[in-house]
Amino acid sequence: NMLLMVTTLLFIGLSVLPAEARRVVAVALFLFSFLFIAMEFVWGEQGRLREDRRYVHAKKHSGSMASALAATVGSLVALIVSSKYLVSSAMTIATLYRIDPEVIGLTLVAVGTSLPELATSILAGLGRDDKLLVGNLQGSNILNLCLMGSLIVLFSDGLGSVHSLSLVYLFFFTGAFFGLVEYFRGRAIPRVFGV
């Protein structure tokens with residue numbers, strides 16, 4: 001939880017720091033993204049060996065490895081093809097209606113690229129798998145901020161003209177999420193906050 005807050009603050013720093021300091025922070029975030037992936041594997045393995053062992057054994061495995069592999073490959077192909085059409089369609093809409101590309105990026109493309117994470121979160125919520133739900137939310141945001149934010153800074157002229165209101169929203173919602181999780185630690189967060 002604290003890791004998400006620190007990552008958010010570093011990402012916001014990318015848009016306000018001087019050019020030299022910005023590159024240093026971007027390289028640090030880029031390297032940290034790979035460390036974070038390795039940490040996720042270690043944490044997942046520790047969880048599997050400790051607390052999730054009974055849960056995994058309680059579940060009945062259905063289907064073969066071949067069918068699971070085919071479904072995974074099919075999903076990846078569909079994801080790649082659909083993302084290509086999503087981005088090109090968004091560019092066409094932006095050009096056709098003379099909409100600022102940042103608005104398109106913050107709405108259509110953001111929703112489209114987040115649909116797999118949204119589907120995972122919905123299924124985890126319906127299955128009452130709180131660890132997967134929170135882990136997916138935190139992990140995907142940390143990785144997006146570290147990897148994508150650093151690549152934008154390293155291979156372009158910085159973050160471009162990021163609207164300051166976007167950064168305020170980012171900080172506010174991350175802070176609200178952090179505060180709720182910390183305040184209600186060990187208890188159920190009331191549904192009104194979800195609404």
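Bear in mind that the values here come from a model prediction, so they are computed numbers and not experimental data. Atom set for the values below is all heavy atoms of this structure, side chains included, hydrogens, waters and symmetry mates excluded.
Hydrophobic clustering (side-chain heavy atoms under 4.5 Å, transitive across Ile, Leu, Val, Met, Phe, Trp, Tyr) keeps V24 apart from V153. Note on M39: it does not cluster hydrophobically with V42, by side-chain heavy-atom contacts below 4.5 Å among ILVMFWY residues. L123 and L76 fall into different hydrophobic clusters, where Ile, Leu, Val, Met, Phe, Trp and Tyr residues are linked whenever their side-chain heavy atoms come under 4.5 Å apart, directly or through other members. If you chain together hydrophobic residues whose side chains sit under 4.5 Å apart, I80 and V77 never meet in one group. When hydrophobic clusters are built by joining Ile, Leu, Val, Met, Phe, Trp and Tyr residues whose side-chain heavy atoms come closer than 4.5 Å, directly or via intermediates, L143 is grouped together with F41.
Put simply, the side chain of L145 does not reach to within 4.5 Å of the side chain of L29, judged on heavy atoms. Contact check for L3 versus F36: side-chain heavy atoms found under the 4.5 Å cut-off. Using a 4.5 Å cut-off on side-chain heavy atoms (C-beta onward), F11 and S150 make no contact. Residues R23 and L154 form a side-chain contact, since some pair of their non-hydrogen atoms from C-beta on lies under 4.5 Å apart. Contact annotation: the side chain of L126 approaches that of I122 to within less than 4.5 Å [non-hydrogen atoms, C-beta and beyond]. Residues V25 and E20 fail the side-chain proximity criterion, which asks for heavy atoms closer than 4.5 Å.
If you check the side chains of N136 and S121, you find a donor sitting under 3.5 Å from an acceptor.
When the options I37, T7, L151 are evaluated for a side-chain contact (heavy atoms from CB on, under 4.5 Å) with C146, the one that passes is T7.
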